[in-house]
Amino acid sequence: MISRIDLRGDALPEGGALRDLLPRAEFDVEAALEKVRPICEDVHHRGTAALIEYARKFDGVELEQVRVPAEALKTALEELDPAVRAALEESIRRARIVHREQRRTEHTTQVVPGGTVTEKWVPVERVGLYAPGGRSVYPSSVVMNVVPAQEAGVESIALASPPQKPAFEGDPAGGLPHQTILAACALLGVDEVYAAGGAQAVAMFAYGTEECPPANMVTGPGNIWVAAAKRYFTGKIGIDTEAGPTEIAVLADATADPVHVAADLISQAEHDPLAAAVLVTDSAELADAVERELEPQVAATKHVEDRIKPALAGKQSAIVLVDSLEAGLKVVDAYGAEHLEIQTADAAAWAARVRNAGAIFVGPWAPVSLGDYCAGSNHVLPTGGCACHSSGLSVQSFLRGIHIVDYTRDALAEVTHHVVTLAEAEDLPAHGAALKARFGWKVPRS
């Protein structure tokens, strides 16, 4: 059901050589880019008409308009299962606690007497958020995108999610995003929602349409077509990340419970046949026990043939055997997992040494599923090894730092000769002249 990679016995290679030995899903955004390009440009030129056509082609629904009526949001919330509503409300509450603490404040530094630099943080004006709705629907992703944007102070928030086929003839929810998506938007006070999915939704936010003003930034997870569209618009709009298939890596030793480890690997494998489930361990006995445990747990759950089995059997998933936890730490740092669980003795100490991960889950009582919903952390995280250089979604994702420079005449005079010297060293004499002009073309000397 899951393959093994044995890295015991020899010294582990460094850098890219080690990364090349580790499992990873194939996710060719560059190839997808050529397919989404004409879709994006069609939305640019035809706007809402193109979105309606792609809803018919890709989602199998007939739309009269793309924006979701306010009444549909209200109805979705009224009809939401009370238990689901309570769970979403708790998820929102915990996310707000964490994300509110991330908000940076303005800070002024006095560089010299009379010379200050202030850094102020300004939210982007408008964001377009994406909530997937294809193989699965994710109201939790609505929470994870909307809460940090709101806590950052973003004034205009819009959300797009694919329209769903009618469940029966005359279904009033047909052609709308999934009802739990709409209910989550209503709970969060987001009333600008669009029935649009895939690359066309990203294009709608990037270019704007008759119904939807353009956004400054697009965030949220999605399939390869969403990732490719984000790459296409990089530079025109801000993006969070080109999210790929989800990943879990577990660093475990002989103290780990194989029941827990197997359950956690399966929990990510159920997302997608390309989802990655990786166990890194110095215990062959644990590896054997986890393999034995996978069989009955997989058999007892849903999505077995279309998601879990292909995900666990794919080249992106494996049990990696290492000589020691030190070697295991080196492996998980090279892998840079979206989600990394530490299930070892003294797990907190090992977690503190990890350099590369989207989020770290410490010990047996902090599974990834907790972070997906109710830990308070954000589950929109870097994938595909991007955790080596990128962070997950946060309040900072929606803020821009702006430096405000304020110098008096004396403070400028004191440093002018240095500025002129550096300008001339770079063969940019007009830069120096801009200061000389303020002092009668003479360079003041301190």
Side-chain angles (χ1 to χ4, degrees), residues 27-59 61 63 66-68 124-138 141-142 144-146 148-149 154 156-164 177-178 181 185 190 192-245 272 380-384 386 390 393 397-398:
F27 195 68
D28 193 349
V29 176
E30 197 61 34
L33 187 61
E34 292 308 309
K35 294 184 178 181
V36 305
R37 189 187 308 273
I39 294 173
C40 293
E41 290 310 305
D42 192 23
V43 173
H44 186 196
H45 294 295
R46 294 199 297 131
T48 299
L51 294 171
I52 290 174
E53 181 179 320
Y54 290 124
R56 182 185 309 116
K57 179 178 180 180
F58 297 133
D59 304 304
V61 300
L63 300 180
V66 178
R67 182 158 179 174
V68 175
V124 296
E125 294 176 26
R126 176 171 167 81
V127 298
L129 310 178
Y130 188 79
R135 185 175 277 109
S136 296
V137 294
Y138 297 98
S141 287
V142 178
M144 299 296 171
N145 280 270
V146 171
V154 177
S156 178
I157 298 174
L159 185 136
S161 191
Q164 305 293 302
H178 195 277
I181 297 287
C185 289
V190 175
E192 187 183 347
V193 182
Y194 297 91
Q200 58 271 27
V202 180
M204 174 186 70
F205 286 136
Y207 287 128
T209 66
E210 303 92 317
E211 293 181 282
C212 177
N216 306 106
M217 184 177 188
V218 172
T219 73
N223 60 20
I224 192 168
W225 312 115
V226 172
K230 285 182 177 181
R231 180 175 296 184
Y232 183 69
F233 287 112
T234 299
K236 178 175 177 60
I237 57 173
I239 66 167
D240 51 348
T241 184
E242 295 176 9
D272 189 280
V380 182
L381 301 167
T383 60
C386 292
S390 298
L393 199 67
S397 305
F398 299 98

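What you are looking at is a predicted structure, and each value in this text was computed from that prediction instead of being measured.
The closest side-chain heavy-atom distance from P221 to V380 is below 4.5 Å. The closest side-chain heavy-atom distance from F398 to V127 is below 4.5 Å. At least one side-chain heavy atom of W225 sits under 4.5 Å from a side-chain heavy atom of K35. The closest side-chain heavy-atom distance from Y194 to V68 is not below 4.5 Å. At least one side-chain heavy atom of Q200 sits under 4.5 Å from a side-chain heavy atom of F58. Side-chain contact between I237 and N216: absent, with no pair of heavy atoms (C-beta onward) separated by less than 4.5 Å.
Between atom CG of residue L159 and atom CD of residue E192 there is a gap of 9.5 Å, rounded to the nearest 0.5 Å. One finds the OG1 atom of T209 at 6.0 Å from the CG atom of L51 (value rounded to the nearest 0.5 Å). Taken from CG in L381 to OG1 in T241, the straight-line distance is 9.5 Å, to the nearest 0.5 Å. If you take OG1 on T234 and CD1 on I239, they are separated by 3.5 Å, rounding to the nearest 0.5 Å. With rounding to the nearest 0.5 Å, the separation of OG1 in T48 from CZ in R46 is 10.5 Å.
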Query - Stepwise side-chain hydrogen bond (donor to acceptor under 3.5 Å, both in side chains) check, Y130 with N145 - result: CA-CA 8 Å; Y130 188 79; N145 280 270; over 6 Å; no
Query raised in the report: Between R56 and E53, does a salt bridge (Lys or Arg N to Asp or Glu O under 4.0 Å) hold up when you go through it step by step?
Result: CA-CA 5 Å; R56 182 185 309 116; E53 181 179 320; 5.3 Å; no
Requested in this report: May I have the step-by-step check of side-chain contact (heavy atoms from CB on, under 4.5 Å) for L129 and V142, ending in yes or no?
Outcome: CA-CA 8 Å; L129 310 178; V142 178; over 6 Å; no
Requested in this report: Please test V66 against C212 for side-chain contact (heavy atoms from CB on, under 4.5 Å), starting from the C-alpha separation and ending with a verdict.
Outcome: CA-CA 9 Å; V66 178; C212 177; over 6 Å; no
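Taking both residues in full, the closest heavy atoms of Q164 and P162 are given as NE2-O, 3.2 Å, listed atom of the first, atom of the second, then distance. Smallest separation of non-hydrogen atoms from A158 and F205: CB-CE2, 3.8 Å. When all heavy atoms of A228 and L33 are compared, the pair lying nearest together is O-CD1, 3.3 Å. When every heavy atom of A199 is checked against every heavy atom of C40, the shortest pair comes out as O-SG, 4.2 Å. Residues S397 and M217 share a closest heavy-atom pair of O-CE, 3.1 Å. Contact record, Y54 with I39: OH-CA, 3.7 Å, taken as the closest heavy-atom pair.
Of the possible polar contacts, none joining the S156 side chain to the R126 backbone as a donor-acceptor pair under 3.5 Å is found. Remark: the backbone N or O of V226 is paired with a side-chain donor or acceptor of N223 at under 3.5 angstrom. Checking side-chain atoms of S161 against main-chain N and O of A131 turns up a donor-acceptor pair under 3.5 Å.
Between H44 and Y207, the ring-plane angle classifies as parallel under the 30° and 60° cut-offs.
Salt bridge status for E242 with K230: absent, with no side-chain N to carboxylate O gap under 4.0 Å.
Using modelled atom types and a 3.5 Å distance limit, the side chains of Y232 and E41 yield a donor-acceptor pair.
Under the salt bridge (Lys or Arg N to Asp or Glu O under 4.0 Å) criterion, no residue pair touches residues 200-221, with sequence neighbours excluded.
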